[in-house]
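Down below is the structure, laid out as structure tokens.
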Amino acid sequence: MKRLRSWFKCILPAEKTPATSSVFVNSSSPGGPTMTHCGLITTEREQVPLKSIEVELQVRDHVATVVSTLSYDNKEDKPIEAVFVFPLPGDAAVCHFSATVGQTQIVAEVKEKQQAREEYDDALSSGQQAFLLEESDQSPDIFSLSVGSLPPGESASIRLEYVTELAVQADDGLRFCLPAVLNPRYQPQGSEGPSVKVTSVPASQVPYTLSFSARLSSPRPISKVESSSSLDPLQFLNAEQTQATVKLAAGHKFDRDVELLVYYKDAHQPSAVVEAGQASAEPGSLMGDQVVMVSLYPEFPQAVTSKGEFVILLDRSGSMQNARISSARDTLLLLLKSLPMGCYFNIYGFGSTFEHMFPKSVEYSQQTMDEALKMVKEVQANLGGTEILSPLQHIYSQPCITNQPRQLFVFTDGEVGNTKKVIDLVKKNSGSHRCFSFGIGEGASSALINGLAKEGGGHAQFITGTDKMEPKVMQSLRFALQTVVENISVTWDLPKEASVTVLSPPITAIFQGQRSLIYAQITGQTSEVAEGSVKVKYSLADQDFENQLHFSLKPAEDTGLTVHRLAARTLIRSLELEDRESRGRDGAIRKKMVELSVQSGVSSSVTAFVAMNKSDGKNIQGPLVRRDIPVPGRFCEPPSRRDPFHQALPSREWERSYEVLRPRERERTYEVYSCLDRGIAEEKAALPSRERRRSNEVMCCLRRDPSPQALPSREREHSDDGYIRLDTSIAKEKADYWSPQNSPTGPLLQLVSLQKASGCWLLDSALAAALGKTSEEVEKAKPAQVNQDVWATVLALIWLHGFKADAKEEWELLAMKAVSWLRAQNAPCMKECVEAGNTVLGCKVATNALGF
């Protein structure tokens, strides 16, 4: 009988397999506190079999090839099936999967997914070794790798290869991200299909190692490489600095994704790469013909519009709490101050439910801005789970405002389980808006964040590690304020013996300085000296523009089949969207997807890689035991690693705050914190009733007041026994920390908060304090003929340029609004006014630097 299997929700026969779960091992030192360690082991203390992951990255210009080698070692006395659910970039084209057992290499084939699963199960049932790699049905950035029937004492090496384009960032960097963190995806109520089963442990408890190295090459010099992780120094391989290597420093903690930002000199250069077809493939097919990848960087005047309906959709689920929601509040302040007069706006917050500040979008004015800022100060991550579909449906149900193009800004940590439904909804409404998405924190779904921007004709940003949210959001606001490019068309000019079939979806959005990628299949014989050209035409503010690129049809020599595989991936994703739009009723679409996936060797949502080891003909004896390989997850950290209050305490104090729990409650702390952090009612309900009740009491008390008097009576009884001895002075410090009204904003945000919606500042004591002066000092220095508001605004602009030039990306738009206001005043003696402002503030800012 065939095994019933699903990697989304594993149910194992009790008589065959010991339960596998995250269990807690208590160890204590004499006189010291009891510490709790979390790791994925069986109830019999058996270890997981994955030992190491080695990743080799090769970057050629803006295309990356990634080869991952996973080493497994079964040290148990029984055969095992190791299942590893892990993240990959959402736009990756997985093109190779093989296993090496002993001296035998088994290369997997791409087959229809159900067929691949059945072949895998049949092989295991008959005692053979088998390997299966498949993409999640819910999200293209989650994969499952199953290593079946690994005998006792046996080792296996798994090789996984994929190719992907590097996304262009607003600062011209090319971003590569190796996802290392996979957080549980929230499954909305009523969702169809099973949820993805993610086995997570704290980063410090990941039982395998990671090594990472990268080789970079480009026609243009490499100026620098940055990363959120620790890297060894960049090593250049030639004098031109067009080739270099870099490695991840030893001791990676698995607390973040591995992100590389590559910067080239003269990055905005259009290019075309022609790749020869596969010799064994049939002429006229995608793999048999030449394929060209065209990269265009359209250039046009940067016209800024004062029109638009700006709708902000903010994730307020429990996983956004603490530093994330605090940064979001600061960002909303900058965003609201930077909006132009005459536009419309609204702000939504979502979790298990959603809220909006206004019943419908309102015109931007001093009154509506003040109302919004007052509500922003109160924003908390307190709305439960991450159900983004409902608020999006509500936003799209609102009628668009005439002559006010809708611009949607979505802020989320991307932990949703219905990614494809969300993206389909955005695509369905793409004609009525542009969508700008922001992935916040480690483990944000690249499939969701990139998919929202791609289908919504906007731009995607990721805020990870030590990144500041504010500059990235303001960069996207600049894009949103660009006049919408319309009537985009692409035409080709090739030799008469060749024809072209465009494989990419139509270009729907163009932004100044951002790349547009086009894949096309070239059918017919051409000479190596022949040339082709591609022309992009579009209109902007009633003016017509065009960009043309001439390119050689001679195939590149060192690309392999990279361009073909990326083109196949692009076409497969388009077919998947068509399939979902038809709700799977059009069997021809699915058949075409399977054929294209098998032909190109690129996996898809309807296919999988499968391999069987039939080399020795020996059957593996004994019942098969499943081992789930853990990935680092943010929700598994103990209180000290996530709670900013605990981070501020001396190490001994957080241990004491943790010891307030009785031993039995202490064993549940990780799970309790996970539930409280996410705020998901279903997660809390899953706890035993006593833990659910007492965890709410204890943790809420700790967050309000850590003194013994604030604790529930039963915990207070134990405070005299040494479980907690917190100084009451900490309570006041903590209460101040958790109050959003009293949280420090810094001098920049203090000054920004005083700006009026029109763009000006008022001359008052609050402005003087923000400038670091007394009221008397700023009033006395004012030129007699200058208006007070003009003087105040000039002072604010001089301070921004003189003291916050390094944060110009954050305040540039609101400064432009201030300059526009000054020009409208026709104020006299501006040169003398700037000189007087420089004198009182101790700066040397030139008048023309302010925009006059």
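Model, not experiment: these values are computed from the prediction.
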* Carefully, step by step, assess E54 and S211 under the rule side chain to side chain donor-acceptor pair (under 3.5 Å). => CA-CA 5 Å; E54 178 184 351; S211 64; 4.9 Å; no
Given L231 and L248, is the side chain to side chain contact (heavy atoms under 4.5 Å, CB included) satisfied, shown in steps?
-> CA-CA 5 Å; L231 298 176; L248 185 68; 4.3 Å; yes
Residues V258, L210; criterion side chain to side chain contact (heavy atoms under 4.5 Å, CB included); working and verdict = CA-CA 10 Å; V258 179; L210 171 68; 4.2 Å; yes
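The heavy-atom pair separating F462 from S446 by the smallest distance is CZ-CA, 3.9 Å. When all heavy atoms of V292 and V563 are compared, the pair lying nearest together is C-CG1, 4.3 Å. Summarising the geometry of V602 relative to I572, their closest heavy-atom pair is O-CD1, 4.1 Å, with the distance given to 0.1 Å. The two residues I106 and F131 make their nearest non-hydrogen contact at CD1-CE1, 4.2 Å. Between S227 and S229, the closest heavy-atom pair is OG-N, 3.0 Å. The two residues A460 and I449 come nearest to each other via the heavy atoms CB-O, 3.8 Å.
A side-chain donor from one of E576 and S605 sits under 3.5 Å from a side-chain acceptor of the other. Under the 3.5 Å distance criterion, with hydrogens and angles disregarded, a donor-acceptor pair is assigned to the side chains of D289 and Q521. A donor and an acceptor atom, one from each side chain of S600 and H564, are nowhere located under 3.5 Å apart. Side-chain contact, T607 with S597: a donor N or O sits under 3.5 Å from an acceptor N or O. Side chains of Y120 and Q115: a donor-acceptor N/O pair is absent below 3.5 angstrom, by distance only. Side-chain contact, S603 with E135: no donor N or O sits under 3.5 Å from an acceptor N or O.
Put simply, the side chain of F176 does not reach to within 4.5 Å of the side chain of V59, judged on heavy atoms. Taking 4.5 Å as the limit, some side-chain heavy atom of E81 sits within range of a side-chain heavy atom of L124. No side-chain heavy atom of V246 sits under 4.5 Å from any side-chain heavy atom of D232.
At least one cation-pi condition fails for R159 and F97: the charged atom is not both under 6.0 angstrom from the six-membered ring centre and inside a 45 degree cone around its axis.
Salt bridge K420/D137: absent, no basic N to carboxylate O contact under 4.0 Å. Salt-bridge formation is detected for the pair D424/R580: a Lys NZ or Arg NE/NH1/NH2 atom is positioned less than 4.0 Å from an Asp or Glu carboxylate oxygen. In summary, E112 and R590 engage in a salt bridge, as defined by a charged side-chain N under 4.0 Å from a carboxylate O.
Taking CG of L70 as the start and OH of Y72 as the end, the distance is 5.0 Å to the nearest 0.5 Å. From E119, atom CD reaches atom CD of Q114 across 11.0 Å, with rounding to the nearest 0.5 Å.
A side-chain donor-acceptor contact under 3.5 Å links E275 to the backbone of T562.
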